[in-house]
Amino acid sequence: VSFIPENRFLLATTRLGDLANLASAPVGYENYPALALYDLDQASKSQHVTSPIAVFSLEPDIEFDPRIMVLYYCLDIHSYSDEVAVPFFSLPSEQLIALGTHDIRLRVTGNNTTSARMLLIPIVRLTSYIDGAAADNVPLRYIPWNEWGATCTRWVNGPPAFRLLHGPLSGSRLIPGPQSDDFADVWDFSRTRVAQSELRQRDQEILPCVQTQVVLPKQMKGHTPVAISEDALICQVCGIDIRPIAYYGCSGSLILPQHYYKPETYLLVF
Amino acid sequence: MEDGPLSTLSISERRERLKVYNDAWKHLRWSECVELLNVDKDTYVMGIYPGGILTFKSRTEGKIVFVRIPSNLRGIPMRQWELSFPFIPHRYALDPSEDVLVVLQPNQSVALASDHVVPVTYPSFIIEASTFCLSPLGNPIL
């Protein structure tokens, strides 16, 4: 679940038919993943959350059958004073919401595969379908993938499963996954930034971005960005830690393994 | 287009701040590398929340460490503090603008006040007050 502006929240489900209080879904939707959008203002009138006001079907690809789905979106809520709050946040029209998916395929041949992907969605793409839909008695809308997502969303590699709960998205900036060791790689989907960039700096995808990569400081060897905020990149050790074992050499001095990574968390502060 | 909130900074000062901020992100030129102490990745589970709040939930103790991410360009100081609980937190959520923290045990939701912890039988999910930023005891919000 992810809260979004206008007192609404979005719920990602791997099987639409499992949602409670859902009016009968159109034939063919029940067993597929979907995004369901709820309106809390509407719910407060009836004292409980009723059915969603809109359901967005996801790519009806036979290969798309995620076991885990996580939504990433950071509401612009904070306790800062106005001096530091404005105008540093992205415009609502520039903000993205990301759906992280993780899929494990077990095959009888033993050729098991896993895939981690993220679907990037401009938040206005979702809300444009529900403007004015908070009124009572508005029928639930089912919006097929080809209508809302096929031409304005983008799939990218996502974080591995053990990092699914971290925040790879802040406003229009994304940390794609997986990151290269010792590098920081940030993609900016801001339309302003993309428009200002030279052609060679941006990619040619449906939802274009400007990609920037820099080397991390030496003391952060083995680390990589795992989360992003408005003000910092949060970096931790790559992959799953295998604790280094220190031992004493013949001379009695402490010897660390060659690839010793400090497990600390670093902030690269802007 | 609409006016922003009142500010002690002039328009030109705000514009200059914004330009420096955007340039820094454009080229990934951070101004400082801060090492967070006592939040070993193997011992804590990290989360990131609105308002630039990082959280580290202990895997073994009833404790959550909070870090307010600083910003030199925006003049936000770093702050690190922790809250202890008589249980290992299961899940939690926070809203810094409302000063609310909600912590769940596997079978209970718990409301936090500045000087006490109130267990509430799940799934009642009624929160008495906050105190995520150690503010005075507030009134019920949820």
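First the proteins, then the strands, lettered A, B, ... as listed; each starts at 1. This one's a predicted model, so the numbers in the text were calculated from it and none came from an experiment.
Taken from SG in B:Cys33 to NE2 in A:His223, the straight-line distance is 9.0 Å, to the nearest 0.5 Å. With values rounded to the nearest 0.5 angstrom, A:Leu267 atom CG is found 9.0 Å from B:Glu32 atom CD. How far NZ of B:Lys26 is from OG of A:Ser197: 8.5 Å, rounded to the nearest 0.5 Å.
For chain A, the nearby parts of B:Leu28 are the backbone and the side chain; heavy atoms of each come within less than 4.5 Å. For B:Arg15, no part lies near chain A; criterion is any non-hydrogen pair under 4.5 Å. Both the backbone and the side chain of A:Ala232 come within contact range of chain B, each with at least one heavy atom under 4.5 Å from a heavy atom of that chain. Neither the backbone nor the side chain of B:Leu37 comes within contact range of chain A; no heavy atoms are under 4.5 Å apart. Proximity to chain B involves both the backbone and the side chain of A:Ile228, based on heavy atoms less than 4.5 angstrom apart. For B:Tyr49, the part lying under 4.5 angstrom from a heavy atom of chain A is the backbone only.
What you find for A:Val214 and B:His27 is that their closest heavy atoms are CG1-O, 3.9 Å. Of all the heavy atoms in A:Asp231 and B:Pro70, the pair that sits closest is CB-O, 3.6 Å. Contact detail for B:Gly52 and A:Glu230: the closest heavy-atom pair is N-OE1, 4.2 Å. Considering every non-hydrogen atom in both A:His166 and B:Met46, the closest pair reads CD2-O, 3.6 Å. What you find for B:Asn72 and A:Val269 is that their closest heavy atoms are N-CG1, 4.1 Å.
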inquiry  = Between B:Ile48 and A:Ser229, does the side-chain contact (heavy atoms from CB on, under 4.5 Å) criterion hold? Intermediate values first, please.
reply    = CA-CA 8 Å; B:Ile48 185 165; A:Ser229 77; 3.8 Å; yes

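The aromatic rings of A:Phe270 and B:Trp25 lie parallel to each other, with less than 30° between the two planes, well short of the 60° mark.
The environment of CD in A:Gln213 is crowded: more than 12 heavy-atom neighbours from other residues, nucleotides or ligands sit within 6.0 Å.
With contacts defined as side-chain heavy-atom distances shorter than 4.5 Å, the pair B:Phe56/A:Thr265 qualifies.
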